[in-house]
K.L.:
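My structure is below; once you've seen it, I'll send some questions.
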Protein chains: 2
Amino acid sequence: MGASKLNIHSKNSNDIAIIAKVFAHPARVSILQYISKQESCICNDIVDEIGLAQPTISQHLQVISQAGLLKGDFKGNSLCYCINIERFQEFQELFNSFFIKLNQSNC
Amino acid sequence: MGASKLNIHSKNSNDIAIIAKVFAHPARVSILQYISKQESCICNDIVDEIGLAQPTISQHLQVISQAGLLKGDFKGNSLCYCINIERFQEFQELFNSFFIKLNQSNC
DNA sequence: TCGTTATATTGCAATATTACAATTTAAAAC
DNA sequence: GTTTTAAATTGTAATATTGCAATATAACGA
């Protein structure tokens with residue numbers, strides 16, 4: 001009973017699910033799109049842009065960050081968040097191979 | 001206060017999040033991978049394959065189905081679930097355009 | 001040093017998701 | 001018609017997620 005019976009699934013399925021979870025909230029999608037548009041940006045800009053409270057944005061940024069998708073200078077009172085392109089491309093490849101497999105379906 | 005402040009986000013962000021949610025649970029990833037391997041399959045096979053109870057699988061199938069990703073003959077006591085390739089390719093395209101945009105990030 | 005500014009952390013409430021037992025539905029087989 | 005079989009629905013418990021107010025931290029500038 002209850003949630004999260006994740007250990008019964010394959011590593012591949014878990015990997016894909018973990019990636020998908022990052023994109024599974026519109027705030028995080030918007031945050032990623034916004035960061036990718038800027039050369040550098042500070043969290044306060046994001047708060048204005050997205051329309052959620054600062055702690056909420058910070059929480060979403062943590063989820064994105066823990067997935068390894070952010071890099072930059074995390075010190076100072078004006079942080080530069082950037083997308084970790086290498087990690088992001090890993091995501092993209094894993095997802096694409098998943099997509100390719102599913103496209104072979106014939107019914 | 002509380003959850004789901006989804007209306008403040010752009011349609012594009014919401015669309016991507018809705019798609020990602022389908023893939024955001026390893027059971028659903030496994031179910032999709034399993035279905036794509038078969039020409040036709042019945043839910044009971046899926047239950048054996050994934051290792052979750054029948055109502056849980058049924059619930060996950062509903063999530064996948066509501067996203068428009070399933071088609072097939074839903075009548076009879078031996079259902080044929082197949083992946084709706086057209087819808088799936090829509091998903092893929094939306095996701096890829098999202099990926100492409102993010103890849104333009106320079107830091 | 002003291003205030004200012006930017007972000008993180010904590011605590012908590014509201015809501016959503018995941019899971020399954022029990023039950024129901026519905027078609028096929030007899 | 002009755003039994004069997006496959007899947008959906010219902011009800012409920014456990015857990016996860018989302019959101020924010022309040023507070024803490026930490027760097028910078030005066």
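All values derive from a computational prediction rather than experimental measurement. Just so you know, these numbers use all the heavy atoms, side chains as well, and skip hydrogens, waters and symmetry mates. Just so we're on the same page: letters track the sequence lines, and every chain starts at 1.
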K.L.:
Looking at A/Ile31, A/Ile57, A/Ile46, A/Val47, which hits side chain to side chain contact (heavy atoms under 4.5 Å, CB included) with A/Leu52?
P.N.:
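Of all the options given, the one that passes is A/Ile57.
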K.L.:
In terms of side-chain heavy atoms of A/Gln59, which of C/dC20, D/dG19, C/dA8 is nearest?
P.N.:
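So the nucleotide nearest the side chain must be D/dG19.
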K.L.:
Between B/Ile57 and A/Ala27, name the one whose nearest nucleotide on DNA chain D is closer to the 5' end.
P.N.:
B/Ile57
K.L.:
Please report the distance, rounded to the nearest Å, between NE2 in B/His25 and C1' in D/dT15.
P.N.:
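Taking NE2 of B/His25 and C1' of D/dT15, I get 11 Å after rounding.
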K.L.:
Please report the closest heavy-atom contact between A/Lys71 and A/Glu86, naming both atoms and the distance.
P.N.:
NZ-OE1, 3.8 Å
K.L.:
Using whole Å, what does the distance between atom P of nucleotide C/dT18 and atom CG of A/Asn14 come to?
P.N.:
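After rounding, the gap between these two atoms is 13 Å.
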K.L.:
Using a 4.5 Å cut-off on heavy atoms from C-beta on, say whether the side chain of A/Phe95 contacts that of B/Gln92.
P.N.:
no
K.L.:
B/Ile42 has a side chain; which of C/dT17, C/dA19, D/dA7 sits nearest to it?
P.N.:
D/dA7
K.L.:
From the list C/dT10, D/dT9, D/dT18, which nucleotide is the closest neighbour of the side chain of B/Pro55?
P.N.:
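The nucleotide sitting nearest to the side chain is D/dT9.
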K.L.:
Let's see if you can work this out: which of C/dT7, D/dT17, C/dC20 has an atom nearest to the side-chain heavy atoms of A/Lys21?
P.N.:
D/dT17
K.L.:
Considering only heavy atoms and no angle criterion, is a donor-acceptor pair shorter than 3.5 Å present between the side chain of B/Gln54 and the base of D/dA8?
P.N.:
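Looking at the base of D/dA8, it does pair with a donor or acceptor on the side chain of B/Gln54 (distance under 3.5 Å).
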K.L.:
Among C/dT9, C/dT18, C/dA19, which nucleotide has an atom closest to any side-chain atom of A/Gln62?
P.N.:
C/dT9
K.L.:
When you look at B/Asn84 and B/Phe88, which way does the side-chain contact (heavy atoms from CB on, under 4.5 Å) test go after all the steps?
P.N.:
CA-CA 6 Å; B/Asn84 182 343; B/Phe88 186 72; over 6 Å; no
K.L.:
Could you give the CD1-to-C1' distance, from B/Ile64 to C/dT17, as a whole number of Å?
P.N.:
15 Å
K.L.:
Taking the six-membered ring for Trp, are B/His25 and B/His60 parallel (under 30°), tilted (30 to 60°) or perpendicular (over 60°)?
P.N.:
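Tilted, since the angle between the ring planes falls between 30° and 60°.
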K.L.:
Over how many whole Å does the gap from B/Tyr81 atom OH to D/dA6 atom P extend?
P.N.:
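B/Tyr81 atom OH is separated from D/dA6 atom P by 13 Å.
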K.L.:
Output yes when at least one side-chain N/O atom of A/Thr56 is less than 4.0 Å from OP1 or OP2 of D/dG19, else no.
P.N.:
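So the side chain of A/Thr56 is outside the cut-off, no N or O lying under 4.0 Å from OP1 or OP2 of D/dG19.
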K.L.:
Atom CD1 of A/Ile50 and atom P of D/dC20: how far apart are they, to the nearest Å?
P.N.:
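Value for this atom pair: 12 Å.
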K.L.:
For the helix from C/dT1-D/dA30 to C/dC30-D/dG1, figure out the bend between the end axes, five pairs an end, and round to 10 degrees.
P.N.:
20°
K.L.:
Consider the side chain of B/His60, meaning its heavy atoms from C-beta on, and name the nucleotide among D/dG19, C/dT9, C/dT18 that approaches it most closely.
P.N.:
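Looking only at heavy atoms from C-beta outward on B/His60, the closest nucleotide is C/dT18.
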